[in-house]
Amino acid sequence: MKVIAYYKNQTKHILVLDACQEEINSEDFFQEIAGVYTNLEIMFIESLILPVRIIEALINLVDQYGQETFKIYTTTESLSQYLFELSIPNIQLHRLSQIRSENDSEALIKFSEEELRDLLTGIYQIHGYDFRNYQLENLRRTISQTMLRETALDFDSFKKKILQDHEVYQRLFLNLSINVTSFFRNPVLFKELREEVLPYLNSFPHLRIWSVGVASGEEAYSLAILLDELNMLEKSIIYATDFNAFVLQKAQNGFYALPPLRQAGENYRKSGGSKRLEEYFHVNPYYARIKPYIKKKVVFFHHNLTSDTIFNEFHLIICKNVLIYFNSQLQENVVNLFKQSLHRNGFLVLGRSENLFNRQDFIKYKAGFNVFKLFNQG
Ligand SMILES: C[S@@+](CC[C@H](N)C(=O)[O-])C[C@H]1O[C@@H](n2cnc3c(N)ncnc32)[C@H](O)[C@@H]1O
């Protein structure tokens with residue numbers, strides 16, 4: 001992180017450069033905000049996310065100064081949205097580009113399957129992320145939307161931007177990695193986990209759980225809450241992975257906006273929960289933060305299903321709403337990875353619209369639920 005500070009017209013300006021995913025080198029920042037100023041402005045340049053300490057410092061500054069004398073500027077949509085979710089006011093500075101009109105867009109977003117595949121190969125070779133076996137229709141839609149936002153003149157110039165400019169690629173990557181999630185999403189499945197699957201697994205002295213494609217962490221923390229209510233949390237550890245470092249940092253922060261959390265209370269109850277979901281959080285006027293005894297049982301790290309391999313043996317693998325973005329070949333590869341990573345008496349749990357077609361090596365544990373066990377393994 002690089003910090004530049006200067007005064008102009010009785011205002012202290014602090015510019016913070018580089019992504020702030022790690023708390024390394026943040027001491028300069030804390031030194032610059034210490035003290036009392038007539039007006040204070042902080043601008044985060046190209047940061048997608050901020051670590052916990054900096055967010056807490058911003059909230060203290062909002063409380064200390066008020067919105068008139070303290071302003072936060074952001075240059076990415078991701079950070080701007082994240083801060084708004086946490087009720088931290090900020091002003092997003094837009095890039096010097098304008099969104100095209102609908103008419104322009106028609107011509108622009110026409111590109112052939114071959115051109116699309118060519119772009120995906122370039123992305124793999126240059127940026128190391130392999131989208132070649134993702135569902136083409138989803139890719140086409142997201143790439144078209146990103147092209148419009150980036151105001152490329154045509155597909156070729158868009159391709160050049162993506163391959164040569166890491167920041168443009170990063171924006172496309174964030175659009176491609178769809179991170180929609182919530183606490184106790186698909187509550188009927190969580191009920192099944194609560195009533196059948198986890199009690200079955202309780203006979204193991206220790207439990208290793210893998211939450212795959214965890215996005216901003218809600219799924220893994222929901223599992224930890226379930227385990228706590230079943231008195232199984234102490235002996236369990238949840239490995240929560242995703243290939244998107246930005247959402248993983250969000251998950252690691254453990255801060256959640258209040259309105260969706262309150263809405264999720266209904267799903268928690270449908271999953272058989274008898275408390276208030278908010279009891280698992282420290283709630284302040286800005287946001288809710290997951291309690292440390294839940295958080296410490298979840299470890300987050302980067303794992304890419306298209307390129308990384310087996311890293312442990314698990315009693316439960318939960319991979320919801322991830323396979324739907326893959327073509328059948330990639331789904332097959334990923335399920336093979338799960339098979340190698342599963343304890344012989346373990347469970348694999350998929351999302352509502354996902355399935356294991358034509359596989360003889362897994363059986364459905366119970367009709368109506370996408371919960372599977374390995375077949376013929378005793
Ligand atoms: C829609 S979210 C699902 C979140 C959560 N599992 C749920 O059901 O609420 C899909 C997640 O899969 C992740 N993902 C997509 N491709 C991936 C890959 N190749 N490796 C690891 N994670 C991936 C995305 O980054 C995203 O966070």
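First listed ligand is number 1; within each ligand, the first listed atom is number 1. No experiment lies behind these values; they were computed from the predicted model shown.
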Could you tell me whether some N/O pair between [X] and ligand 1 is separated by less than 3.5 angstrom?
{"X": "Ser182", "result": "no"}
{"X": "Leu305", "result": "yes"}
{"X": "Gly213", "result": "yes"}

Out of [options], indicate the one that has the non-hydrogen atom closest to [atom].
{"atom": "atom 5 (C) of ligand 1", "options": "Glu218, His303, Glu219", "value": "Glu219"}
{"atom": "atom 14 (N) of ligand 1", "options": "Phe184, Tyr129, Phe183, Phe243", "value": "Phe243"}
{"atom": "atom 18 (C) of ligand 1", "options": "Tyr134, Tyr325, Phe131", "value": "Tyr134"}

Would Ser341 and Trp210 count as having a side-chain donor-acceptor pair, cut-off 3.5 Å? no
Distance alone, cut at 3.5 Å: any donor-acceptor contact between the side chains of Gln249 and Asn253? yes
Angle between ring planes, Tyr37 versus Tyr7, binned at 30° and 60°: parallel, tilted or perpendicular?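 Tyr37 and Tyr7: tilted rings.
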Can you say whether the rings of Tyr256 and Phe281 are parallel (under 30°), tilted (30 to 60°) or perpendicular (over 60°)? perpendicular
Interfacing atoms of ligand 1 (cut-off 4.0 Å, heavy-atom, [X]):
{"X": "Asn321", "result": "1 (C), 2 (S), 3 (C), 7 (C), 8 (O), 10 (C)"}
{"X": "Ser177", "result": "24 (C), 25 (O)"}
{"X": "Val322", "result": "12 (O)"}
{"X": "Thr181", "result": "4 (C), 5 (C), 7 (C), 9 (O)"}
{"X": "Lys320", "result": "3 (C), 5 (C), 6 (N), 7 (C), 8 (O)"}
{"X": "Ala215", "result": "4 (C), 27 (O)"}

Does this structure show an ion pair linking Glu41 with Lys8, if we count only N-O contacts that are shorter than 4.0 Å? no
Considering only protein heavy atoms, which is closest to [atom], and at what distance to one decimal place?
{"atom": "atom 24 (C) of ligand 1", "value": "Asp242 OD1, 3.5 Å"}
{"atom": "atom 7 (C) of ligand 1", "value": "Arg185 NH1, 3.3 Å"}
{"atom": "atom 2 (S) of ligand 1", "value": "Ile178 O, 3.2 Å"}

Please confirm whether the backbone N or O of Ala224 pairs with a side-chain atom of Asp228, one donor and one acceptor, at under 3.5 Å? no
Would you say the ring centers of Tyr268 and Phe184 fall short of 6.0 Å from each other?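 Between Phe184 and Tyr268, which both carry aromatic rings, the centre distance is below 6.0 Å.
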Using the rule given for side-chain hydrogen bond (donor to acceptor under 3.5 Å, both in side chains), can you reason through Thr306 versus Asp130, listing the C-alpha separation, both sets of side-chain angles and the distance that settles it, and then say yes or no? CA-CA 6 Å; Thr306 62; Asp130 192 354; 5.2 Å; no
Would Asp242 and His303 count as a side chain to side chain contact (heavy atoms under 4.5 Å, CB included) if you check the C-alpha gap in whole Å, the side-chain angles of each, and the deciding distance to 0.1 Å? CA-CA 5 Å; Asp242 204 286; His303 183 280; over 6 Å; no
Counting only heavy atoms from other residues, nucleotides and ligands, does the tally under 6.0 Å from NZ of Lys191 exceed 12?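 For Lys191, atom NZ is not crowded (no more than 12 foreign heavy atoms under 6.0 Å).
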